[in-house]
There are 2 protein chains.
Amino acid sequence: MGEVSDPPVTLRTLADRLGLHVSTVSRVLHAKPGETQRAASSATIRRVRKLADELGYRPNPHASSLRTKRSNLVAVLVPRLSDTVLAAICEGIEEAAGERGLSTIITSTKDVPALRRARAELALGQRVDGIIFGDAVVDGALLAEISARGTPFVLVNRRAAGYPAVTCDDYVGGRMVADHLLGLGHTDVAVVAGRPYASTGIDRAQGFLDAYADAGIELPTHRFTHCAFDERGGHEATARLLDQATRPPSAVFAVTDAAALGAVGALRDRGIRVGTDIAVAGFGDTAIAAELPVPLTTVRSPMHRIGRIGLELLGELLRGGQVASRRLRPELVIRESTTSARPRP
Amino acid sequence: MGEVSDPPVTLRTLADRLGLHVSTVSRVLHAKPGETQRAASSATIRRVRKLADELGYRPNPHASSLRTKRSNLVAVLVPRLSDTVLAAICEGIEEAAGERGLSTIITSTKDVPALRRARAELALGQRVDGIIFGDAVVDGALLAEISARGTPFVLVNRRAAGYPAVTCDDYVGGRMVADHLLGLGHTDVAVVAGRPYASTGIDRAQGFLDAYADAGIELPTHRFTHCAFDERGGHEATARLLDQATRPPSAVFAVTDAAALGAVGALRDRGIRVGTDIAVAGFGDTAIAAELPVPLTTVRSPMHRIGRIGLELLGELLRGGQVASRRLRPELVIRESTTSARPRP
DNA sequence: CTGAAAGCGCTTACAG
DNA sequence: CTGAAAGCGCTTACAG
């Protein structure tokens, strides 16, 4: 516990009070168990620690960082915090960061290139030790620049151009959904595909399309549309899909749960009953999926773990190590939104 | 754009190359438009700026902070990032922070007192200029300590013990829901009340109860239960409410949209149809509300603005000013989850 | 208009 | 076992 707020307690404060040199105090306070010996005599160590405790000494991180060139700060860029998936990933990152004495500076870039760049610059300017990008664009243009500047980074959720990334195996997840729907006999399906520049949407949709192609079914263009990953995006995309075709598909695959919920809303607006008239599947298994009146079939993506592992990889990089991308296994969660609907004959 | 990554560009780099003293360079780079005159001659200013641009000079924030005792860092403590409401508030905070050159360090404390304390200590140790608490407990015990330590702070979303807070007028919002349900003739209602230590839940529930009391209706204890604010909390609480009573209420008010969705799930499990057999209302008007198969009546809370204003107030505090709490006006959003259900006669 | 000095609080090899 | 020095990169009154 700190005491008064007026005279900040510094190494000097401690050194003066103890009749020691600041360097001695510093050494003691840094000594890791094991190398305690060379820091000072055990008596001195005890005295120093005691007073530091009493006065509530907290090292000034700016001073340390200035000397050591390490800030213990990690920047996390995400498209939006209000995206549950990213929020869960951030929680995983933060948890793992806390365990390592790192602090995270999380910022939303809204998938706006100029913002992404500005935030990355800001992070670099802040001398963060590393960056976690949750908002990578698949071509990785900005990343090439950051890479050249030398600050270590990893990607989470979205992969890009060979940089180390921790993702769900989105392609396989997309295939799982397709195989499930194929197994139920759905031949006329539509895809609410998300953004064309994010690997999540791309891979999920591609896995889905490939599985259908393997079954000899090519989706016509009017059964496939890009959109924002959120509720509104899914709603608008689904409305478009429905308006463009003479009749609705028998199933819709939305590449995120949020978009799937948007699809639910759009279908409702047209009196099409999810789970009865049409099958709907999402991706993520966020909290809403299991609570909907007709529970949502979806693909469970280990969001929290993606964040954790992302930070662990970055940690490895900061220690000078090498890391390889990780692709975590998805799991199909079957619920009534697909099982209670019959495909059209 | 920065260039190479090897030799970091410092004031010294610039000064040496230009044959100037670092202090002159520093002055120039700090000169705000208007007081440019006293920094250096306009020729010098031009030269300095040009070179700084070319070399991609970025002031080392650790060095500045060490000198100025200002970190331009603001800590934000929230119960959980995965709570949409808090995420939206964080986005508002971040947006306003960006405009002021402040960076935000956001961390989740999960409503665990030990974590809350640890994170607050961490923030203080990091020498943040100020703190925004989104996880305040109504008694404000920790806040009293922080206050004594002298770091400015404001609360968002939840108020506590007279500290400056930016909230939705939760009490009024709770009343709005009650008046709406009363108007529809609901006399047997239940409350999914959230956590007993957070002002959001307390005030929303109290407003609701008071309005019912004003109408001469006291809720029996088996129609009121506390719970976590999320989907699972709402689900479990609703299950409890239903199990404890011989028959279901004709309406349920959940103090968050997430909990309301959980209620929807629990009702579904028992075959009780929302909007037909029972009315359900939430609070927040998060993105899910409008998309549900039976759209959710809820209270719109200006989450983004709460965050923005929170940061603005903190900014005022950092400038040495005084601030007063703000209570923003809620708005009832009526949808079918309440209007299509008939109260039991 | 520009320079020189002092100092923010720390860390780290180096002496002794 | 402990001290002294140097220096991280910046800012800010103060001289001149």
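Fair warning: this is a prediction, and the values are worked out from it, not measured in the lab. Letters A, B, ... are given to chains in the order of the sequence lines, protein chains preceding strands, and every chain is numbered from 1.
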Measure from the side chain of [X], starting at C-beta and using heavy atoms only, and say which of [options] lies closest.
X	options	result
B:T68	C:dT2, C:dT12, D:dT11	D:dT11
A:H21	D:dT11, D:dA5, C:dT11	D:dA5
B:N60	D:dT2, D:dC10, C:dT11	D:dC10
A:K69	D:dG9, C:dT12, D:dT11	D:dG9

What's [X] touching, base or sugar-phosphate or nothing? Going by heavy atoms closer than 4.0 Å.
X	answer
B:S64	sugar-phosphate
B:S23	base
A:S65	nothing
A:P59	sugar-phosphate

Gap between atoms [atom1] and [atom2], on [X] and [N] respectively (whole Å):
X	N	atom1	atom2	result
B:R70	C:dG9	CZ	P	17 Å
B:R127	C:dC10	CZ	C1'	11 Å
B:R58	D:dC8	CZ	C1'	20 Å
A:R67	D:dG7	CZ	C1'	6 Å
A:H30	C:dC10	NE2	C1'	8 Å
A:L18	D:dT2	CG	C1'	13 Å
B:R27	D:dA13	CZ	P	12 Å
A:I45	D:dC1	CD1	C1'	10 Å

note = Here the gap from A:I306 atom CD1 to A:L311 atom CG, rounded to the nearest 0.5 Å, amounts to 14.0 Å
message = Nearest 0.5 Å, please: how far is CG in B:L77 from CG in B:L115?
response = 9.5 Å
key: pair B:T200-B:R195: side-chain heavy atoms closer than 4.5 Å   = no
With a 4.0 Å cutoff (strictly under), does any side-chain N or O of [X] reach OP1 or OP2 of [N]?
X	N	result
A:H62	C:dC8	no
A:T44	D:dT2	yes
B:T24	C:dG3	yes

Pairwise 5' ranking along DNA chain D for A:L20 and B:R12, keeping only the more 5' one = A:L20
query = With no hydrogens and no angle check, is any side-chain donor or acceptor of A:R46 less than 3.5 Å from a backbone partner on A:T44?
reply = no
message = Given 3.5 Å as the limit, does a donor-acceptor pair link the side chain of B:S103 with the main chain of B:L73, or not?
response = no
ask   = Is it the case that more than 12 heavy atoms not belonging to B:R100 sit under 6.0 Å from its CZ atom?
value = yes
task = Sort out the partner of C:dA4 for me: Watson-Crick or G-U wobble, both distances under 3.5 Å, none otherwise.
result = none
note = Mate of C:dA13 across any strand shown (Watson-Crick or G-U wobble, both atom pairs under 3.5 Å) is none
message = Taking the nucleotide of DNA chain C with the nearest heavy atom to each, does B:V22 or A:L11 sit closer to the 5' end?
response = B:V22
